[in-house]
Structures are given as structure tokens and as C-alpha cells.
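Nothing here was measured: the structure is a model prediction, and the numbers come from that model.
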Amino acid sequence: MAVFYKAVKIKTPLSKNGKTEMYYPRVANRRKESLRDIAERISDMSSFNRSDVIGVLEAFTQLIPQLLKDNSSVELGDLGTFSLHISAEGVDSEELVTRHRIKKSTIAFRPGKRVKQDIARVDYRKIPKK
């Protein structure tokens, strides 16, 4: 398994060396794995059939937002934790902090220790220029 990357020119107005554009690696050529693709893989590596796995994953997909809206963080063992975060307008006093100041909610994912360790051992490969 490898993660492919390419060089991308990015404008850097605050560069230390005065250059306005520099090249950075960016992940490229990602494949998308659908819920059904993942269910098939899980089925192949377990005793569960694909339909049962799809059913569990679909229920899981519906449950996560419900738990987050119920003010819960969702801890998934070695996988990691989902939590809800909010962005808001700052105000001068505590009394002015109301729900009306909240601009948006976002879902954050913090990977678990095992996932972090696995990702730290990624094999990176540069996509050759055409």
C-alpha cells in the first residue's frame, strides 16, 4: 500500500526567504471507497455476510449524528473519536454569549492511537511527471 503525491505550487505571502510561490507535496490519485465497497471487504475478512455488514454500517451512519446532537462524543476504540465543535462570534461579556452567536457546527474526528501509528508508517510515492 502506498499514498501517491504530486508537487503543487502554492502562493506563500509570508515565506521566510521572500519567495511568493513554493512547491509542496499533496496527496493525489485517491480512490473513493463506498460503503458497499467497505462492507464487501469486511465481509471477506469476517464471518458476516455483506448484507448484514451494510445494515450495520447504515445504522451506524444514522446513529453518529444523533449521538453528536445529544451532546455526546462517540468513542470507537482504536479507530478514534467523533465530536461536535462550534464556531461563534466573539463578544465582550459572558452575558452576551447566546446560541444566536453560534455560526456553525462541525464534526471533528480524532484518530485513535493505533490508527495514528498505522498512518505514521505510510509509504509515500511521487507521481512521475508525464
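Each of M45 and I38 belongs to its own hydrophobic cluster when Ile, Leu, Val, Met, Phe, Trp and Tyr are linked at side-chain heavy-atom distances under 4.5 angstrom. When the side chains of ILVMFWY residues are joined at heavy-atom separations under 4.5 Å, either directly or via intervening members, F4 and V122 end up in two distinct hydrophobic clusters. Two different hydrophobic clusters hold V8 and V27 under the rule that ILVMFWY side chains link at heavy-atom gaps under 4.5 Å. Hydrophobic clustering keeps V56 apart from I54 (ILVMFWY residues linked when any side-chain heavy atoms are closer than 4.5 Å, directly or through intermediates). Following chains of ILVMFWY side-chain contacts shorter than 4.5 Å, one cannot reach Y23 starting from I10, and the two form parts of different hydrophobic clusters.
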Stepwise side-chain contact (heavy atoms from CB on, under 4.5 Å) test for Y5 and V3:
CA-CA 7 Å; Y5 70 94; V3 172; 5.8 Å; no
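With rounding to the nearest 0.5 angstrom, the OG atom of S87 is 5.0 Å from the NZ atom of K104. To the nearest 0.5 Å, the span separating CG on D52 from CD1 on I42 amounts to 12.0 Å. Atoms CG and NZ, on D37 and K32 in that order, are 12.0 Å from each other to the nearest 0.5 Å. Taken from CZ in F82 to CG in L68, the straight-line distance is 8.0 Å, to the nearest 0.5 Å. Rounded to the nearest 0.5 Å, atoms CG (L84) and CG (D70) are 11.5 Å apart.
No more than 12 heavy atoms of other residues, nucleotides or ligands sit less than 6.0 Å from atom CZ of F48. By the 6.0 Å contact criterion, CG on D44 is enclosed, its count of non-hydrogen atoms from other residues, nucleotides or ligands being greater than 12. Atom CZ of R114 sits in a sparse spot, with 12 or fewer heavy atoms from other residues, nucleotides or ligands closer than 6.0 Å. Heavy atoms of other residues, nucleotides or ligands lying less than 6.0 angstrom from CD of Q117 number more than 12.
Each of R121, K126, R125 was compared with D123 under the salt bridge (charged side-chain N to carboxylate O under 4.0 Å, His left out) criterion, and only R125 meets it.
Here the closest non-hydrogen pair linking I102 and A88 is CA-CB, 3.9 Å. Closest non-hydrogen pair, S73 versus T81, comes out as CB-CG2, 4.1 Å. What you find for F109 and L79 is that their closest heavy atoms are CZ-O, 3.2 Å.
A side-chain donor from one of S83 and H85 sits under 3.5 Å from a side-chain acceptor of the other.
No side-chain heavy atom of E89 sits under 4.5 Å from any side-chain heavy atom of H100.
Judged by distance alone, with hydrogens and angles left aside, the side-chain atoms of T61 form a donor-acceptor pair with the main-chain N or O of L57 at under 3.5 Å. Proximity of a side-chain donor or acceptor of N49 to a complementary backbone N or O of S51 within less than 3.5 Å is detected. Proximity of a side-chain donor or acceptor of D118 to a complementary backbone N or O of V115 within less than 3.5 Å is not detected. The backbone N or O of I86 sits nowhere less than 3.5 Å from a side-chain atom of S105 that would complete a donor-acceptor pair.
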